[in-house]
Amino acid sequence: DYLLVVNASNRSKDVAYIREHAAGDDVEIRDESDDWGQIAIQGPRAEEILQELVARPLSGIRYYRFAMTEVRGVAAIVSRTGYTGEDGFEIYGPADAAETLWYAILGAGAPLGLVPAGLAARDTLRLEAKMALYGNDIDDTTTVLEADLSWILKLEKGEFLGRDALLAQKAAGLTRRLVGFETEGRAIARHGHKAVSDGVPVGIVTSGSFAPFLKKNIGLAYLPTGLTPPGSRFSIDIRGREEPAVVVPTPFYTRAR
């Protein structure tokens, strides 16, 4: 069995793509999206809070690994994953048990300061950790190489869809790459703002926000490779005004381990 968890807005598109390429293979594909619920618990005390509800030791689950277990008596998959840059877990269980799990986790975590968080909080956290967001930083027009995600790419593993195109792009050399930046003024760069060098548009901002933990304005942008080294300076057109920005190393934040 292989469980693929996709961006919810891409559900239909991704299922259709998989079915198209699996045609003729000895494989059964099921869209079980409506059968599952997922709750993420993230932060430095996530293990401490969740352990109260799980019989097996969570410390044995390594980062990006999972275990089949029970959470407050509900059969679930507990994975040490999340899109915040912090330690944490994602719990996958039956959709009709999601409410039970939600309140059980909130109850266990309340004494330790656990509170619900929405997408806005997730977005600033994932940006500080330079975790790409589909629809902003990556989409149908970007490649793994351009998005600076080569760490998930294994060209030597053998044939796979898109390998030839990636090999050709790597051999030819990239013309742009996704980098992190900080703005030097008070204005915040947002998705869609143009990156400018010497008065000429050269790239596009894909994500931008004030970083609550870092206390500075940060963002991601596709820039020509000549402007991607840390320390490179450019401007961002924010409502008709060019705001100075500088390329910085990423991730912006790395948690202590």
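Here the structure is a predicted model, which is why all the values come from computation and not from measurement.
Applying the salt bridge (charged side-chain N to carboxylate O under 4.0 Å, His left out) test to residues at least two apart or on different chains, the pairs with a partner in residues 221-234 are Glu184-Arg233. Legend: salt bridge (charged side-chain N to carboxylate O under 4.0 Å, His left out) pairs involving residues 201-226, not counting sequence neighbours, sorted by first then second residue: Glu182-Lys216. Sorted by first and then second residue, the side chain to side chain donor-acceptor pair (under 3.5 Å) pairs involving residues 218-230 (not counting sequence neighbours) are Arg177-Thr228. Residue pairs meeting the salt bridge (charged side-chain N to carboxylate O under 4.0 Å, His left out) criterion with at least one partner in residues 70-79, sequence neighbours excluded, do not occur; the list is empty.
Counting all heavy atoms, side chain and backbone alike, Leu174 lies closest to Leu145 at CD1-O, 3.6 Å. Shown here for Val247 and Leu227, the closest heavy-atom pair between the two residues is CG2-O, 3.3 Å. Considering all non-hydrogen atoms of both residues, Thr250 and Gly180 come closest at CG2-CA, 3.6 Å. Closest heavy-atom contact between Arg56 and Thr69: CG-OG1, 3.6 Å.
Under the side-chain hydrogen bond (donor to acceptor under 3.5 Å, both in side chains) criterion, Glu156 pairs with no residue at all, not counting sequence neighbours. Checked against side-chain contact (heavy atoms from CB on, under 4.5 Å), Pro230 has the following partners two or more places apart in sequence or in another chain: Pro249.
When only modelled atom types and interatomic distance are considered, Tyr83 and Asp123 share no side-chain donor-acceptor pair under 3.5 Å. Checked by atom type, the side-chain pair Gln42/Glu86 shows no donor-acceptor distance below 3.5 Å.
The side-chain hydrogen bond (donor to acceptor under 3.5 Å, both in side chains) test with Tyr134 singles out one residue from Asp140, Asn10, Asn7, Asp139, and that residue is Asp140.
In this structure, Asp1 does not pair ionically with Arg30, as no charged nitrogen and carboxylate oxygen lie closer than 4.0 Å. With respect to the salt-bridge test (charged N to carboxylate O, under 4.0 angstrom), the residues Asp14 and Arg11 do not qualify.
Taken from CD in Glu128 to CZ in Phe252, the straight-line distance is 9.0 Å, to the nearest 0.5 Å.
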